[in-house]
Protein chains: 2
Amino acid sequence: MAVAPGPRPEAETPRLDPGRRLTRQRRLVWQTIQEIGPHCTAEQVTASVKQANPRVARSTVYRILADLCSAGDVVVARLDAGGLRYELAAAEHPHAVCQVCGKVIHVGDELLETFEEHLAATVGFRTVRIDLTVNGVCRDCAAPGRRATRRQRHDHI
Amino acid sequence: MAVAPGPRPEAETPRLDPGRRLTRQRRLVWQTIQEIGPHCTAEQVTASVKQANPRVARSTVYRILADLCSAGDVVVARLDAGGLRYELAAAEHPHAVCQVCGKVIHVGDELLETFEEHLAATVGFRTVRIDLTVNGVCRDCAAPGRRATRRQRHDHI
DNA sequence: TTAGCTGCAAAAGGTTTGCAAATTA
DNA sequence: TAATTTGCAAACCTTTTGCAGCTAA
């Protein structure tokens, strides 16, 4: 398995693995991910792409997302039990997910480097990417008098 | 949504939410999770349970796992694109997943508290549980001359 | 006795795949 | 032109649900 190179700044066109072609659909998916922003689902991407061109198939979007990931331009996160979340590798960051309303908050990643160093030193593990999700309750939902507005499918987490 | 109480040391029988019954199946699933050890899939649990009693249904195992989670005895992790992983809350810890061979390594959680404090102070987020997965390459697979032996379904992660 | 649990079978939801036709380099 | 990509539809896999019969308290 090829371990993808590190993130790079946002670009006009996606990076391509050798022999790969830059098609209309690929360009469209790439733009869409930049527009929607971080932690979007495949479903969201597909919907936006179909607005621009209804003939693009869902499976095509999935295939392109997989390619973008393997090229290292996009990364996947598993925030909740719904679909996988995609984001530009350049925009990657830890997430905090509210268990009550489902809101996703971005959090800093200052502490992660320490973790990597620790792992390399103790078990010789080479870190490629750290996936950190904080589950809890956001300020709004913790406020007195507030009620839940959305429950997640796997609310037993 | 009920936010479950914190973990407790390994016990003979699972904790039950009020009004819940301790059935043969529940006891069996509970024992099985302790035997298999951390980050087991629902499928693994079901297979082991069926060895002891082939009549136990898959759906029953899922329902019991959900109950154990809601009681706070078991927690879920999303390590890879296969099924969810379950483990005793008492055994919870961050994971490092090797992208080449799929092996899971346990890592310490010394750094996580700092993260919680930071989040509470900056955005008022109350942390219930931190889900930390490190993706990378383990010492064995990084060794020169080694080849991949297993690819994950979503190997583009 | 009776609310809660189980087994079965079928549905749901997200993702992947096979294949012929279209398209890019 | 030749190899890659696409669109479509169907398959897949994990998890959930409906319901009638069973069972722990």
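Excluded from the calculations below are hydrogen atoms, water molecules and symmetry mates; all remaining heavy atoms, backbone and side chain alike, are included. Residue numbers begin at 1 in each chain, while the letters A, B, ... track the order of the sequences.
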### Task
Taking only Lys NZ, Arg NE, NH1 and NH2, and the carboxylate oxygens of Asp or Glu, determine whether R85(B) and D80(B) approach each other closer than 4.0 Å.
yes
### Message
Short of 4.0 Å, heavy atom to strand atom, which residues of residues 44-53 of chain A count as contacting DNA chain C?
### Response
none
#### Entry: Stepwise side chain to side chain contact (heavy atoms under 4.5 Å, CB included) check, V97(B) with T133(B)
CA-CA 7 Å; V97(B) 184; T133(B) 305; 3.8 Å; yes
#### Entry: Under the side-chain contact (heavy atoms from CB on, under 4.5 Å) test, residues paired with S48(A) that sit two or more places apart
T32(A), I36(A)
### Summary
Residues passing the ring-ring contact (aromatic ring centres under 6.0 Å, His included) test with H118(A), sequence neighbours excluded, are none
### Message
The criterion is side-chain contact (heavy atoms from CB on, under 4.5 Å); which residues satisfy it with R24(B), sequence neighbours excluded?
### Response
none
### Task
Classify every nucleotide of nucleotides 17-25 of chain C by which part a protein heavy atom approaches to under 4.0 Å, writing B for the base, S for the sugar-phosphate alone and - for neither, in 5'-to-3' order.
BB----BBS
### Task
Could you state the atom-to-atom distance from CG of D80(A) to C1' of dT15(D) in whole Å?
15 Å
### Message
From CG of L84(B) over to P of dC13(D), roughly how many Å is that when rounded to an integer?
### Response
17 Å
### Task
Identify, with sequence neighbours excluded, every residue that meets side-chain contact (heavy atoms from CB on, under 4.5 Å) alongside E116(A).
T127(A), I130(A)
### Task
Would you mind listing the cluster partners of L16(A)? Hydrophobic ones only (ILVMFWY), side-chain contacts under 4.5 Å, chaining allowed.
L22(A)
### Query
What is the distance, rounded to the nearest whole Å, between atom CZ of R26(B) and atom P of dA24(D)?
12 Å
### Message
Which is more 5' along DNA chain D, the nucleotide nearest P54(A) or the one nearest A42(B)? Just name the residue.
### Response
P54(A)
## Note on the structure
Bend of the helix from dT1(C)-dA25(D) to dA25(C)-dT1(D) from end-axis comparison, five pairs per end, nearest 10°, comes to 40°
### Message
Quick check for you: to the nearest 0.5 Å, what is the distance between I33(A) atom CD1 and Y86(A) atom OH?
### Response
9.0 Å
### Task
Look at R58(B) and dT6(C) and indicate whether a side-chain polar atom (N or O) is within less than 4.0 Å of OP1 or OP2.
no
### Query
Atom CD of E43(B) to atom C1' of dC13(D): distance rounded to whole Å?
9 Å
Scan the side chains in residues 51-61 of chain A for donor-acceptor partners under 3.5 Å anywhere in the protein, sequence neighbours excluded, and list what turns up.
| residue | atom | partner | partner atom | Å |
| --- | --- | --- | --- | --- |
| N53(A) | OD1 | R55(A) | N | 3.0 |
| S59(A) | OG | R63(A) | NH2 | 3.3 |

### Task
List for me each residue that meets side-chain hydrogen bond (donor to acceptor under 3.5 Å, both in side chains) alongside R20(B), sequence neighbours excluded, and say none if there are none.
D67(B)
### Query
Rounded to whole angstrom units, what separation is found between the CZ atom of R27(B) and the C1' atom of dT6(C)?
16 Å
### Task
Using whole Å, report how far CG of D17(A) lies from P of dT5(D).
9 Å
### Query
Closer to the 5' end of DNA chain C via nearest nucleotide, is it G83(A) or I64(B)?
I64(B)
### Task
Output all residues satisfying side-chain contact (heavy atoms from CB on, under 4.5 Å) with E87(B), sequence neighbours left out; order by chain, then residue number.
P38(B), H39(B), V75(B), E92(B), H93(B), H95(B)
### Message
If the cut-off is 4.0 Å, is Y62(B) near the phosphate of dT16(D), judged by side-chain N/O to OP1 or OP2?
### Response
no
